[in-house]
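Just so it is clear: chains get the letters A, B, ... in the order the sequence lines come, proteins before strands, and each one is counted from 1. Just so you know, these numbers come straight off a predicted model, no measurement behind them.
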Number of protein chains: 2
Amino acid sequence: MKSNNTEAQYDASRYRTPDGYTSDIAVFTITSEQTKAYAPPKMVLKLMLIQRAEHDTEGNPNIESGKWALPGGFVTPEETACAAASRELEEEAGIAGIHLKQFGVYDQPGRDPRGWIISNAHYAIVPEYRLSERKASDDAVDVELFSVAELSEQVLAFDHKNIIQDALTHITRDLLQTTVAKQFLPEMFTYSELQAVLLTVTDDKAIQNDQAFARKIKSLPFIEAVKGQKTQRTSKLPTQLYRFIDAEVKQSIYTARH
Amino acid sequence: MKSNNTEAQYDASRYRTPDGYTSDIAVFTITSEQTKAYAPPKMVLKLMLIQRAEHDTEGNPNIESGKWALPGGFVTPEETACAAASRELEEEAGIAGIHLKQFGVYDQPGRDPRGWIISNAHYAIVPEYRLSERKASDDAVDVELFSVAELSEQVLAFDHKNIIQDALTHITRDLLQTTVAKQFLPEMFTYSELQAVLLTVTDDKAIQNDQAFARKIKSLPFIEAVKGQKTQRTSKLPTQLYRFIDAEVKQSIYTARH
DNA sequence: TTAACATTTAACACATTGTTAATTAAAAGG
DNA sequence: CCTTTTAATTAACAATGTGTTAAATGTTAA
């Protein structure tokens with residue numbers, strides 16, 4: 001391999017090069033239903049998909065048309081795939097300053113009938129109210145939110161079913177093992193709001209248990225109670241608000257309880 | 001963006017395409033020194049690097065020559081980057097069947113002076129004895145193992161310093177939060193051998209504490225004591241051997257102790 | 001005035017952890 | 001043969017965290 005490597009130094013052109021480099025984005029949001037006043041919300045994790053048009057702008061039939069797909073597009077040489085994802089989110093949805101994370105590369109030969117196209121996949125977390133803004137301004141594009149249950153019934157374009165499966169795995173892990181839940185919540189939140197976010201991706205008994213979770217949140221090193229700040233969003237009884245603080249979160253399966 | 005997307009369907013060639021797609025591999029091993037007989041080993045995490053040749057096989061001066069770099073090479077359209085990594089490890093080092101994991105993509109404009117080259121980075125875990133086999137068979141290639149401390153002093157090719165930093169972050173996280181430590185250990189191992197592996201990447205007091213760790217290993221759901229199997233590798237007193245078993249490892253920072 | 005209800009506080013039994021100390025089994029040296 | 005050495009094992013205790021059940025709180029709405 002060493003000789004291959006050195007030969008390649010000055011003439012990459014003797015190798016076949018990719019036909020394209022795309023950035024795809026799994027846009028997650030959590031819809032929150034307040035079943036009644038003064039009660040904690042019921043939350044559902046949803047993924048935004050776009051429906052591929054029947055024809056392109058020149059009137060030719062479109063590949064994988066009619067199927068639902070992840071938003072995305074080609075990356076240019078002047079940007080990273082992450083920057084492209086950010087740009088596309090802004091161009092398409094007017095959403096800027098969103099939490100974006102790269103989670104996988106899709107380069108299986110034959111994954112895209114158009115050629116050798118490498119997809120760099122990201123997930124984005126968008127609070128619900130940012131999406132509603134968007135829908136109001138641009139309802140021409142076929143955009144829809146799908147819950148995890150609804151996703152499994154859909155026919156999806158290219159290998160997007162795989163990509164979405166991986167996105168779900170990653171956001172689940174990150175929600176439970178990092179403080180990224182912050183991105184779904186307002187600056188200050190109650191214990192039951194955080195709990196509702198976590199329960200969209202886990203059925204962990206220790207998180208379902210209200211008393212235990214309300215007691216636990218007080219001792220987490222990366223969350224603090226905001227003194228004097230209460231709300232009645234989730235209960236008639238004024239309820240303590242919390243916020244995330246910067247603190248390193250280490251964790252090992254060898255020291256945790258099982 | 002939607003229009004860009006649909007226009008691109010049938011003619012990717014109107015966009016500039018990448019000049020190359022490479023697969024780089026951070027090959028980790030743990031060297032184990034037995035300071036004396038009947039004592040637990042001292043382990044050090046090391047990374048294998050190759051030194052870039054002064055000239056290529058045609059006698060032309062080589063780009064980034066003399067610098068240490070991650071092994072890797074160009075991906076072909078018939079394979080995934082992960083398969084390419086596997087192939088390159090086998091071609092270069094005769095190492096097959098190794099644990100490989102993709103951890104990042106490097107596509108910063110200008111990262112490679114040869115053009116728009118996207119690197120897909122993986123880490124590999126190779127038990128020490130597999131590397132010694134290799135060195136004996138092919139000592140012509142400039143290959144060396146660097147500890148984490150030694151790495152920071154080295155001048156590295158391209159953006160490999162960044163890539164290595166990320167590789168270290170990922171392998172540290174994976175060693176503590178998944179059962180990948182298995183890949184560094186023999187089928188059966190003592191508590192102190194597992195402990196030594198973990199201590200190459202953490203200074204967690206709970207893992208440093210011998211008594212506590214020896215007690216804890218017995219209750220981990222993904223490790224079992226092998227009945228009747230003992231060794232004197234690490235102590236005069238015949239010592240219990242353990243092995244990993246398949247078991248799901250879930251974990252949340254919201255339920256763990258802090 | 002009363003019922004309803006999410007939250008908060010309290011209390012207890014139980015499990016896990018940090019810590020210290022004692023015990024065990026084999027090797028090595030005199 | 002006896003003694004020392006050492007990693008592993010076992011034991012024991014206090015401190016801390018968890019699961020569970022129960023009661024108290026503060027507000028709304030009937």
- request: Looking at every strand, decide which applies to B:Gln240 at a 4.0 Å heavy-atom threshold: base, sugar-phosphate, or nothing.
  value: sugar-phosphate
task: Select one nucleotide: of D:dG19, C:dT20, D:dA8, the one nearest the side-chain heavy atoms of B:Ser192.
output: D:dA8
- prompt: Given B:Thr172 and B:Thr169, is the side-chain contact (heavy atoms from CB on, under 4.5 Å) satisfied, shown in steps?
  reply: CA-CA 5 Å; B:Thr172 297; B:Thr169 302; 5.9 Å; no
query: Taking the side chain of A:Thr239 as its heavy atoms from C-beta onward, which of D:dG17, C:dA4, C:dT8 lies nearest to it?
result: C:dT8
Atom pair distance, as rounded to whole Å: CG in B:Leu237 and P in D:dT9: 6 Å
- line: Checking C:dA26, C:dG18, D:dA7 against the side chain of B:Asn209 (C-beta onward), the nearest is C:dG18
query: Given that B:Ala37 and B:Ser219 both sit by DNA chain C, which one's nearest nucleotide is further toward the 5' end?
result: B:Ser219
Side chain of B:Tyr38 (C-beta onward), nearest among C:dA25, D:dT18, C:dA27: C:dA27
- request: Starting from C1' on C:dT9, measure out to CZ on A:Arg215 and report it in whole angstrom.
  value: 11 Å
- request: Determine, step by step, whether A:Asn120 and A:Asp24 satisfy the side-chain contact (heavy atoms from CB on, under 4.5 Å) criterion, reporting the C-alpha distance in whole Å, the side-chain angles of both residues, the deciding distance to 0.1 Å, and the verdict.
  value: CA-CA 6 Å; A:Asn120 193 345; A:Asp24 286 322; over 6 Å; no
Shortest side-chain distance from A:Ala212, nucleotide among D:dG26, D:dT20, D:dG17: D:dT20
message: Distance check needed: C:dT17 C1' versus B:Asp204 CG, whole Å only.
response: 13 Å
message: Please determine whether the number of non-hydrogen atoms from other residues, nucleotides or ligands lying under 6.0 Å from atom NZ of A:Lys161 exceeds 12.
response: yes
query: With no angle test and no hydrogens, is the base of D:dT5 tied to the side chain of B:Lys236 by a donor-acceptor pair under 3.5 Å?
result: yes
- request: Using atom NZ of A:Lys218 as one end and atom C1' of C:dT8 as the other, report the distance to the nearest whole Å.
  value: 6 Å
Ionic contact status for B:Arg233 with B:Glu193, cut-off 4.0 Å: yes
